[in-house]
Amino acid sequence: MDTKRIRNFCIIAHIDHGKSTLADRLLEHTNTVSPRELKEQVLDDMDLERERGITIKASAVTLLYTRDGKEYMLNLIDTPGHVDFSYEVSRSLAACEGALLLVDASQGVEAQTVANAYLALEHNLEIVPVVNKVDLQQARPEDVIEEMEHTLGILPREVVRVSAKTGLGIEDVLGAVIDRIHPPKGDTAAPLRALIFDSEYDEYRGVIVYVRIFDGSMRRGDRVYMMKTKRMFEVTEVGIFGPRMTPAERLGTGEVGYFVANIKTIQDVEIGDTVTNFNEKAQEPLPGYRKPLPMVYCGLYPTMDTDLVPLRVALEKLALNDSSFSFEPEQSPALGFGFRCGFLGLLHMEIVQERLEREGNVNLIQTAPSVTYEILTTGGQVLVISNPDKMPPVNEIEEFREPVVNIKIIFPVEYMGVVMKLAEERRGSYKATEYLSQRRVMLSYELPLAEMIFDFHDKLKSATRGYGTLDYTFIGYRTSNLVRLDILIGGKTVDALSSIVHRDNAYARGKRLVKKLRREIPRHLFEVVIQAAIGSRIIARESIKPMRKNVTAKCYGGDVTRKRKLLEKQKEGKKRMKSIGSVEIPQEAFLSVMATNDNE
Amino acid sequence: MIMQRELTHPNALYIHIPFCIKRCSYCDFNSSVYQPDVASRYVAALEKELGGVKDHPYKTVYIGGGTPTAMKEGQLNQLLSAVSSSLDMRRIKEYTVEVNPGTVNARKAALLRWGGVNRISLGIQSFKEKGLRLLGRIHSRRDALDAFSVLREGGFNNLSVDLIFGWSGQTLMDWEEDLTEVLSLDPEHLSAYCLTVERGTPLARQIRTGSVPRPDEESQLDMLKKTINFLDNNGYKHYEISNFAKKGYRCRHNVNYWKNLPYVGIGAGAVSYLNGRRTSNIRDILSYIERIEAGRSAKTFGERLTPRRRAAETLMMALRMTSGIKEKNFTVRTGFTLRELYGDVIDRLCVLGLMGIRQGRLYLTRKGVFVADSVMMEFL
């Protein structure tokens with residue numbers, strides 16, 4: 001296809017603003033799929049995505065559209081909507097020249113809309129603003145357009161009004177894509193340069209690599225070379241997504257499609273790498289994008305020991321299709337063998353867990369999420385730790401740093417007070433207030449990520465009756481007054497229960513934890529003391545009084561077997577508990593502390 | 001001193017009578033409402049089963065239930081005759097029958113006495129009307145006092161009374177009054193049981209549905225402490241968790257259980273412990289009768305314990321007695337020394353003040369008695 005007739009674009013939108021429905025209409029309108037074929041939301045082919053209404057993995061589809069007798073190739077590259085996936089958004093953006101910025105006519109501009117729009121602008125993308133759901137009763141397109149103008153400097157006359165549901169305005173959207181988004185600028189004669197923007201593992205064909213060709217072209221039989229991983233492969237198939245994989249003769253400059261090259265493992269393919277021709281290599285790779293580092297960690301443990309191997313297999317499989325997810329084996333004194341897993345954010349974590357349970361068929365125990373910290377040692381070394389266990393002794397710590405994010409919260413103005421209170425309680429430092437319209441406002445704060453990941457989003461939702469939305473971007477590591485909070489049971493430190501907290505919160509958290517444990521640990525034959533400590537200083541203490549009465553009144557000849565079996569059964573139950581010294585701690589006790597909902 | 005013979009030959013014979021006039025709300029024993037024709041067949045079956053086990057050198061016989069005296073005099077007489085004609089009665093030192101108030105009169109008392117019975121365990125449970133009602137007993141306080149005097153007058157000089165404490169609504173004062181009242185009867189032996197709400201009983205159901213409040217553990221504990229102090233001060237030695245006796249009146253039959261020595265049980269659901277093997281008869285009364293009538297064994301369950309398990313069980317039972325167990329006897333009965341099996345556990349429990357060792361005996365302290373089950377668990 002002549003590059004002048006190619007348009008590469010994506011749709012960026014907040015969850016529920018109708019991205020998938022719009023994509024469906026575009027597919028339908030261009031006869032890419034017939035209405036009969038069109039299962040709802042073709043682009044989201046994972047169950048989970050459909051259920052949650054979010055797109056997790058980037059995907060692509062080629063639409064062939066004829067206007068004024070000219071055929072155009074419109075490549076729609078799907079992007080995930082959520083903040084956690086801004087990395088995936090950015091890799092999709094890198095493959096496009098333009099973006100449809102979709103906003104719901106009743107919901108208005110949300111935090112994600114802003115974040116993703118900025119991201120698109122950073123990539124020098126042409127933005128086509130679209131207001132969706134204009135047919136709804138509660139639609140207020142004028143207000144929403146005003147919000148878009150305020151936040152993003154969009155000219156009201158440029159906004160396309162559609163109803164993805166009814167198909168109203170779809171023609172205009174296609175028109176705007178062709179007229180406003182410029183065609184790819186590549187050099188057809190230059191050596192091949194293709195950007196890898198996604199990959200997928202197929203059991204039969206190996207890795208399927210999603211590419212956007214910037215210069216040159218790729219054909220079946222070509223020997224290609226990955227410029228970063230420095231590996232060579234022979235292409236066995238190229239094709240486009242129509243939306244199913246459709247083999248093609250070649251992929252030309254500016255086109256979007258896939259290639260298969262007998263690549264055995266996903267590790268051989270790095271997203272963001274440049275593919276060139278082995279025999280005629282390009283001089284410079286395309287500007288790639290940094291691989292995101294996991295920011296949020298948690299432990300995942302199988303509920304049953306026998307599930308350990310299935311869990312590992314499931315994690316490996318998942319990592320194949322999700323390069324932003326990482327894991328390593330871990331052993332917890334409380335929970336046994338499991339894995340410490342890294343995620344881009346909380347939603348990413350939730351999705352991975354659900355996918356594991358569903359696809360891997362394993363029941364999981366998830367420990368409370370934590371972030372990575374940086375420690376500057378007195379020896380001048382910078383350690384990155386994600387587990388309190390790995391913390392060096394206090395006297396070797398010169399500086400303790402935690403990740404800080406810039407958070408933008410958009411909500412109706414009447415919730416200003418509660419939102420500010422929430423942000424300040426979470427050690428947020430105020431940055432700015434911007435009025436999007438008469439009714440809605442955007443607050444910016446700098447907030448430690450650790451405060452953000454716990455339950456900030458839930459709290460925000462409940463404080464704003466569901467209207468508040470947020471997005472965050474990582475700023476960097478900042479020095480903070482952090483301490484390690486230890487829990488001692490019977491005078492012994494329980495490693496699994498240690499956590500890193502801000503000194504100001506340590507006291508309250510310590511108190512809460514020991515209270516919680518007191519409820520969960522059964523009475524023993526002796527008094528059980530539970531303490532919270534910072535270093536050698538005890539900051540909270542609870543005790544469980546010894547068991548007072550546990551005696552069977554009657555036990556004669558006919559009762560012996562029953563009695564013994566009963567005691568044996570109880571003893572079995574105790575064996576499943578974890579002994580710390582002579583204190584037996586039920587798994588539930590660990591869970592109550594380590595599992596997510598720390599705040600009650 | 002334990003004789004080798006005791007380890008291999010059963011000293012105790014238990015005969016189960018699974019009939020009552022009415023089932024009590026708390027009871028989960030094997031019993032059903034008395035039906036004369038079933039009872040006749042049942043006694044005949046017992047006679048037959050007894051024939052197979054009569055040659056052991058029994059020293060104690062215990063007819064329990066249920067309520068043996070719920071049966072008609074003829075049936076009771078038939079059973080007593082079968083016992084006295086099958087066994088060498090000169091060897092029998094203790095012959096107990098369980099009696100409940102409302103099922104005994106002078107004639108039945110005389111019948112028991114003539115049959116060779118020398119000890120009665122009378123199930124009074126409470127002198128309080130509200131207690132008797134809650135426990136679902138068929139008798140009144142008056143009936144209980146009458147039964148006791150009928151038995152005393154009938155010539156029994158070894159009477160034991162069962163009482164239950166810790167039921168919902170009972171105050172410490174109520175219990176003290178019961179204890180005082182029972183002392184006025186001057187029985188030789190007393191069993192004071194803390195109420196256990198057994199699963200599947202009407203009482204458990206009432207508590208679950210909230211029509212009866214759950215008994216309070218703290219007040220049960222207070223009552224247990226009270227019981228021990230009060231009875232100890234009045235000449236009744238606390239010799240087992242729930243049992244008290246005047247000097248020379250411990251229940252020999254039950255002590256045999258607590259020593260984990262062999263015994264034979266006959267009747268529906270009865271358990272035997274012979275040659276290291278524990279067996280039990282089928283619980284269902286008609287099935288029991290049918291099997292015996294057909295000349296088959298009534299046994300449905302058997303277990304042979306590993307030496308370690310048997311040792312644990314021996315200790316578990318022995319620790320119920322305040323005298324505990326002599327380390328030497330433990331070794332004779334189990335083949336292990338206490339040290340080799342439980343050295344660490346014993347040390348730990350002694351440090352906690354739950355156990356003690358005195359003159360070669362390992363025993364539960366008073367504090368240990370209150371949490372006996374938890375302590376015993378340490379040995380399993």
Side-chain angles (χ1 to χ4, degrees), chain A residues 488-492 494 517-531 541-589, chain B residues 12 14 16 29-30 62 64 164-166 191-196 217-218 220-221 224 240-242 253-254 256-258 260 263-265 269-273 278 280 301 303 305 309 312-313 316-317 320 348-349 351-354 364 367-380:
Chain A
L488 288 75
I489 295 178
K492 292 198 163 62
V494 187
L517 286 166
R518 194 189 66 173
R519 282 201 302 273
E520 297 290 340
I521 297 173
R523 284 187 169 199
H524 281 61
L525 285 168
F526 45 88
E527 182 181 47
V528 175
V529 176
I530 306 163
Q531 295 161 307
R541 181 189 193 275
E542 289 280 343
S543 79
I544 300 168
K545 294 273 169 278
M547 177 181 294
R548 308 250 295 155
K549 175 177 172 288
N550 182 25
V551 52
T552 304
K554 275 192 184 188
C555 190
Y556 298 107
D559 311 314
V560 189
T561 303
R562 191 172 73 134
K563 170 80 175 160
R564 192 197 67 239
K565 285 187 174 164
L566 199 72
L567 290 179
E568 278 172 353
K569 208 170 139 194
Q570 289 173 16
K571 176 96 177 182
E572 263 317 295
K574 283 177 74 169
K575 271 190 202 144
R576 280 198 301 274
M577 297 189 193
K578 172 74 195 162
S579 296
I580 301 291
S582 49
V583 181
E584 271 125 8
I585 306 174
Q587 202 182 47
E588 296 77 55
Chain B
Y14 176 77
H16 189 67
F29 278 35
N30 189 19
Y62 195 110
I164 294 178
F165 66 87
S191 300
Y193 299 109
C194 181
L195 178 69
T196 308
E217 253 196 24
E218 282 297 311
Q220 286 186 334
L221 181 62
L224 177 56
E240 192 263 358
I241 287 169
S242 306
H253 183 87
N254 288 340
N256 186 79
Y257 292 141
W258 296 321
N260 212 22
Y263 51 86
V264 170
V271 175
S272 298
Y273 183 41
R278 192 171 282 111
S280 71
F301 164 83
E303 62 173 356
L305 300 178
R309 266 206 165 136
E313 205 179 84
M316 175 185 104
M317 292 303 278
R320 294 191 65 86
R348 191 152 46 81
L349 293 167
V351 168
L352 291 173
L354 300 168
L364 290 185
K367 198 172 142 196
V369 165
F370 301 140
V371 290
D373 287 9
S374 300
V375 173
M376 288 164 188
M377 218 185 302
E378 300 291 315
F379 295 100
L380 289 174

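The sequence lines fix the lettering, A, B, ..., with proteins before strands; numbering per chain opens at 1.
Contacts of B:Phe301 with chain A are made by side-chain atoms alone, with heavy-atom separations under 4.5 Å and no backbone atom involved. Contacts between B:Leu354 and chain A at a heavy-atom distance below 4.5 Å involve the side chain alone, from C-beta outward. For B:Tyr257, the part lying near chain A is the side chain, with the backbone staying farther off; criterion is any non-hydrogen pair under 4.5 Å. When heavy atoms are compared at a cutoff of 4.5 Å, B:Met316 approaches chain A solely by way of its side chain, counted from C-beta outward. Proximity to chain A (any heavy atom under 4.5 Å) is shown, for B:Ser280, by neither the backbone nor the side chain.
Highest contact tally toward chain A, considering only B:Val271, B:Asn30, B:Leu221, B:Leu195, is held by B:Leu221 [criterion: heavy-atom pairs under 4.5 Å]. Among A:Met547, A:Lys554, A:Glu568, A:His524, the residue making the largest number of heavy-atom pairs under 4.5 Å with chain B is A:Lys554. Ranked by non-hydrogen atom pairs under 4.5 Å with chain B, the options A:Leu566, A:Leu525, A:Asn550, A:Val560 are led by A:Asn550. Per-residue counts of heavy-atom pairs under 4.5 Å with chain A were compared for B:Leu349, B:Val371, B:Leu352, B:Val375; the largest is that of B:Val371. Considering only heavy-atom pairs separated by less than 4.5 Å from chain A, the leading option among B:Glu218, B:Arg320, B:Glu217, B:Gln220 is B:Arg320.
The pair B:Arg309-B:Glu303 does not meet the salt-bridge criterion, since no charged nitrogen lies less than 4.0 angstrom from a carboxylate oxygen.
One finds the OH atom of A:Tyr556 at 9.5 Å from the CE atom of B:Met317 (value rounded to the nearest 0.5 Å). Atom CG of A:Asp559 is separated from atom OG1 of A:Thr552 by 9.0 Å, given to the nearest 0.5 angstrom. Here the CD1-CD1 distance, from A:Ile530 to A:Ile521, works out to 4.0 Å after rounding to the nearest 0.5 Å. Between B:Leu224 atom CG and B:Tyr193 atom OH the span is 13.5 Å, to the nearest 0.5 Å.
A:Ala589 approaches A:Ile585 most closely through the heavy-atom pair CB-CG2, 3.6 Å.
Residues B:Tyr263 and B:Tyr14 keep their aromatic ring centres 6.0 Å or farther apart.
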